[in-house]
Amino acid sequence: MLFSSFEFLFLFLPVVYLIFRLLQCVAPTRVLITFLLLASIAFYGAWKLAFLPLILGSITANFFLGKWLAARRETPAARGILSVGVVLNLSLLVYYKYAHFITTQLEPLGVPVIAQGILPLGISFFTFQQLTYLVDVYRGKEVEKRFATYALFVSFFPHLIAGPITHHGQILNQLRRLGSGFRSNINFASGLGVFAMGFCKKLLIADELGPVADAVFGAVRAGAELATGDYWMGAFAYTFQLYFDFSGYSEMALGLGLMFGVRFPANFLSPYKSKSLIEFWRRWHMSLGWFLREYVYFPLGGSRSGPTRRYVNLFLVLLISGIWHGSGWTFIVWGAGHGLLLVVNHGWRNHIKWRGKIYDLFCHGATMTAVIAGWIVFRSASMADAGAMFRGLFAIESGTKSVVDGNHWIWIGASAIICFFLPNVMEIWSRYRPSLSLDKDLLRKSFWTARLNLRWGLIIALLLYVGICRFSRVSPFLYFEF
Amino acid sequence: MKHSARRFLLASLLPLAAWLLLALALHHLADPWWVSGEFDDSNRYQPVVDERRQKAMHVQYAPEAAEADTVLVVGTSRSTYYPADAYGGQKAFNFGLSALAVEDYDEVIRFYAQHRTPPKRIYAMMDLLGVSKAEAERRVPFSRYIEEMNTPFYRARLALSWDTFTNSLDVLKLNRSEKSRKRERTYYVGAREKHLNIASDDERKKLFEKYFQEEVASRYGTSFRYRDDFAALLKDLKAAAGGAELVLVLTPVHDSLSKRVMDLGRYDDYARWLQEMVAEYGQVYDAFSPTAFTAEEKNFRDSHHAYPEQCRAIMNDVLAGGGSNAVLVNQATLADHLARAKAAWETMSAQ
């Protein structure tokens, strides 16, 4: 079930929300939690019933591993229990996500190839969340005694499928307070506003640009030599499609969480306004960045062991980020490329003292160039396709065939204006604190600040209507693949 | 603050609900996807916006009339214009779809039979492009529409879409302007209106020339490769028809077009096409080869689409078991017929 689907918006959400509000008036918190857990299970089961035992099994195993770990925290067995947990979680991820790719690479050595099966929805997200929980139980930071609360923390439907990756420390306390109903009207209203904006970003922009990117990358895959303009359009279309799709999804998730009184961490803060790759990675898929920083970069030593080790660690973190996104050389190259450029960026920042508006413009241009080049590799089905895209972009190997309509430049232009010049959804709704705390230096003062009044109510009605009008051509979210 | 949240929610949800209800009401009134069996002054005339979707939705969702259709017409746009009342008093459903590929004919027949009373007779209207491999490669599969229609809440999603909203307004506008004219809803009124509106010889000549210049060489020329699986497709078609009588009719095109097609070297393909159909079905009605009908420019709108009223002459011949406009070809007459057609095209080319 997609957030942008008819059944979610007109059936699942209203029914679940109304029962939730009713229960909030008459039932204790544990009933609310159990109800939301059942709703989340139904939400996941609506996608594929066959994978329900997998996620439920994973949640149950991790919950009891956590309890066992908490009971033996001070003993030498704790490290072993943690290792079992980490291996179990990563094995599941590796089996479903990487087994085909790994065995394909090892085929020349006589290893039999494991067929590519269906990737269980959200496996990358719920695996990482549970790993953080186990690690923190081991560190003595957290332990949840109630199974239903833990299960809801992992499976709460707004973030279950494509994040944001949430930390138990951020969520469990909020779940325990669900029964208070504090500011529930304000939360619902502002949540609806945030949801509507994400909804529109997905249906109005991402789904409009998606077919353009698909046409160009599909033609390249088929070996066609396109007109140079088509290559550029395909690259830009995917750049904006991915942003509007994923940030739209994240904002819908944030809005939904808020409607139920739960705040998630923000996932996007205008990443295409970044003036460096360092800044880009603080603004793009922030919850993954947080996970990698806390659970990979710091354990690797962070910046404590000198600059060389720091750069190696940074590179490794970005490489892992690439691998997390998918199994294939394109993802590895994308991650490694970003890792190298991030190291260069850190070095550059330490040595170049040039400042000013022209410098900012140059930095913005250089950052976007690196980001777009990265997305070309990321989107291509193979490195050969990525090579063909780059050759086409610079007219080294291009033809005259066109597979896209020139009018789509208008959509790309409009997307660029939104990304580069307009405030983001978190800034627009900052008055109502739609997400968990953000770095203040990343938030800019918005010239459009939403208020819960008549005018903004009508704007939201219009956005929802525009989105609903496009139901008949809705497509799945890109990050469901990861 | 609490008060403003309520005002915000009322301001957003009430207009949204009102707007959605309005869209649904318009959809109900105008019925742009033909899902209602009933029609009245607000939706009697319908523009064709997406023939595949409209006809498929009509078949799947509109309640069947008490007196079921007994004839089914399957074919490309060249058969869309055959009037629904041209079948000798039999009630017919015209399932002609623009650029319908031959491999989809059986699926269309099965889909129809799945949702309606199976027809007693099926007219499979064939055109030469149907045996071109290149044409098959750029087909719009009928199955894609069926899959889409079977997704959850398809009708509800479609009813709320912007396309439906604008199409509904178009239907209502069309019916306001057409109220004075009495004609039955035919499900191809939009196209038919276009036909009837083209009257001048100049306009017709322009349309002929346009097709000759833009389409003929690219579709019937070197890209035309006879598909080897055509005989197998004819078998599939027979299997799909079940107990219904299947009648094959080659749709007419104007002589100036068929002459150009033959000049591009397609005579052997035409002969093979006819031979394979006769071999599988025993007989076909050929309205494609030169006749008095195909010689008359005024029977056609654009060299390969005959006017609806003129199509009756073809169907009359078919119902009569063959005639001068639709020649009955069977094993006994095949060789003579081919020789006569070849001679006619050679004569045209020599002139």
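Just so it is clear: chains get the letters A, B, ... in the order the sequence lines come, proteins before strands, and each one is counted from 1. Every value quoted in this text rests on a predicted model; they were computed, and no experiment measured them.
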task = Let me know if A:Leu462 has heavy atoms under 4.5 Å from chain B in its side chain, its backbone, both or neither.
result =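 The answer is neither part of A:Leu462.
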
request  = Let me know if A:Ile468 has heavy atoms under 4.5 Å from chain B in its side chain, its backbone, both or neither.
outcome  =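 Contact with chain B is through both the backbone and side chain of A:Ile468.
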
query = Got A:Met197 and A:Met252 here, is their nearest side-chain heavy-atom distance under 4.5 Å?
reply = no

request  = Tell me, with the steps shown, if A:Ser247 and A:Ser250 meet side chain to side chain donor-acceptor pair (under 3.5 Å).
outcome  = CA-CA 5 Å; A:Ser247 68; A:Ser250 295; over 6 Å; no

query = According to the interplanar angle, ranging from 0 to 90°, do the rings of A:Phe12 and A:Phe8 count as parallel (below 30°), tilted (30 to 60°) or perpendicular (above 60°)?
reply =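 Because their plane-to-plane angle is under 30°, the rings of A:Phe12 and A:Phe8 count as parallel.
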
request  = Using modelled atom types only, decide if a donor and an acceptor are shared between the side chain of B:Ser161 and the backbone of B:Thr164 within a distance under 3.5 Å.
outcome  =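 It does hold such a pair.
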
ask   = Do the two ring centres, one from A:Phe260 and one from A:Phe188, sit under 6.0 Å apart?
value = no

query = Near A:Arg451 CZ, under 6.0 Å, is it more than 12 heavy atoms from other residues, nucleotides or ligands?
reply = no

message = Between A:Lys202 and A:Glu251, does any NZ, NE, NH1 or NH2 come within less than 4.0 Å of an OD or OE carboxylate oxygen?
response = no

query = By number, which residues in residues 96-113 of chain B have some heavy atom less than 4.5 Å away from chain A?
reply =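 Under the 4.5 Å heavy-atom cut-off, nothing qualifies.
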
key: Any side-chain donor near an acceptor of the partner, B:Thr151 and B:Arg157, under 3.5 Å   =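 Looking only at side-chain atoms, B:Arg157 and B:Thr151 do form a donor-acceptor pair, the distance falling under 3.5 Å.
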
[X], part contacting chain A, at a heavy-atom distance under 4.5 Å:
| X | value |
| --- | --- |
| B:Leu14 | neither |
| B:Phe165 | side chain |
| B:Leu9 | side chain |

